[in-house]
Amino acid sequence: MSVLSPAVTLVVPSRSVKHQEALERLFTRVCELSALPGVAQRVLSVAGDEHADVEDLLHVVEQDPTLVIRILGSVNSAYRGLRQQVGDLRTAIALLGFREVRNLAITVYVARLTDSGEPYRNYSRTGLWRHLVAVGEVARVISKVCRRAEPEEAFLAGLLHDIGTLLIDQYMRPNWRRVLDMTDEGIEAIEAERHVLTFSRSDLSSYIAAKSLLPRRTCDAIAYHREPSQFRGKDRELLNVICLANYLTELRGLTAIGVPEAVPPGDDVYYGLGLRTEQMSELLQELEPALAAAEALAGI
């Protein structure tokens, strides 16, 4: 994704100043190699501009036919339940809203990253892609049911929570395969990553989110979703949402690396979400439609 911010602080704790600086150089280089395409960058810019209107976003979106098709397909999906199909882009953007159009633009970009790449052991980019989209959709549902965080922000954090995996696979494949070898031997994935790479997938994913100028709470949710107990900040609503979404998605067999790795969330996560028995029942009822929506979206 694009290197838009000149100063992004790494969330990952370093062994030394030199190690920190080395990770900065590595992460920055990876971000440069995987820069967002121009249209996606402009969509992010317009969507974040409080003075922009539908016409401004329309002018940007119509430059990418794939994104146009995705927007029209999304607004006309059975999941929306509209009585009449929408045939023009202007109406579709107005119905979806700026944040969802932004999310679709990034979704299309991430989907393109998964187009190639050979599977290795239990891992495949296709499986990772399905996991990313599913966590995004489940996070959106948790956000709505629990009234924690903002649903579209929760979707985006879920979609990007493991984006670093794609880039590690793409640019550090030999080392990535060593990580997968170790997990296949029973070593926890996060330990294997830190042993081989000296950082975790979550660290890189959080850095990418920060470089894309996403809010600090989004970056924190991505950085700590596998280790929420390590988070020392105060704003952890979104972190709780992503942690639970990742766990529930893995319970349904949609894993990031082909094997389960998410540990059951602690009581602090459920307490932070305010989940009571009746809310959990509602959440579980909404889970199947969310996963169905994720399967449809994964077919981009």
Minimum-distance pair of heavy atoms, taken over all atoms of E188 and T183: C-CG2, 4.5 Å

Pairwise ring pair (Phe, Tyr, Trp, His ring centres under 6.0 Å) hits with a residue in residues 149-186, at least two apart: Y123-W176, H131-H161, H161-H225

Note: E153-R99 ion pair, threshold 4.0 Å (strictly below): no

Spatial distance of atom CD (E261) from atom CD1 (I190) [nearest 0.5 Å]: 8.0 Å

Flag side-chain contact, heavy atom, 4.5 Å: I71 against V75: no

Heavy-atom pair of closest approach, residues K144 and P151: CG-CG, 3.6 Å

Residue pair D220 / S206, side-chain heavy-atom distance below 4.5 Å: no

Salt bridge present between R173 and D169 (N-O < 4.0 angstrom): yes

Residue pair R112, D64: steps toward the salt bridge (Lys or Arg N to Asp or Glu O under 4.0 Å) verdict: CA-CA 13 Å; R112 289 169 181 166; D64 189 327; 3.3 Å; yes

Residues T249 and N246: side-chain donor-acceptor under 3.5 angstrom: no

Crowding at CG, D267 (>12 non-hydrogen neighbours, <6.0 Å): no

Pairwise side-chain contact, L204 with I168, heavy-atom cut-off 4.5 Å (strictly under): yes

Ionic contact status for E152 with R102, cut-off 4.0 Å: no

Ionic contact status for R140 with E137, cut-off 4.0 Å: yes

F199 ring center near Y207 ring center (under 6.0 Å): no

Stepwise side chain to side chain donor-acceptor pair (under 3.5 Å) check, R226 with S202: CA-CA 8 Å; R226 290 196 284 174; S202 304; 3.1 Å; yes

T165 and R201 side chains, donor-acceptor separation under 3.5 Å: yes

Any donor-acceptor N or O pair under 3.5 Å, side chains N240, Y270: no

Worked check of salt bridge (Lys or Arg N to Asp or Glu O under 4.0 Å) between D268 and R236: CA-CA 10 Å; D268 55 336; R236 60 173 291 166; 3.5 Å; yes

Side chain to side chain, E55 and L58, heavy atoms closer than 4.5 Å: yes

Distance-only donor-acceptor check, side chains Q170 and R125, under 3.5 Å: no

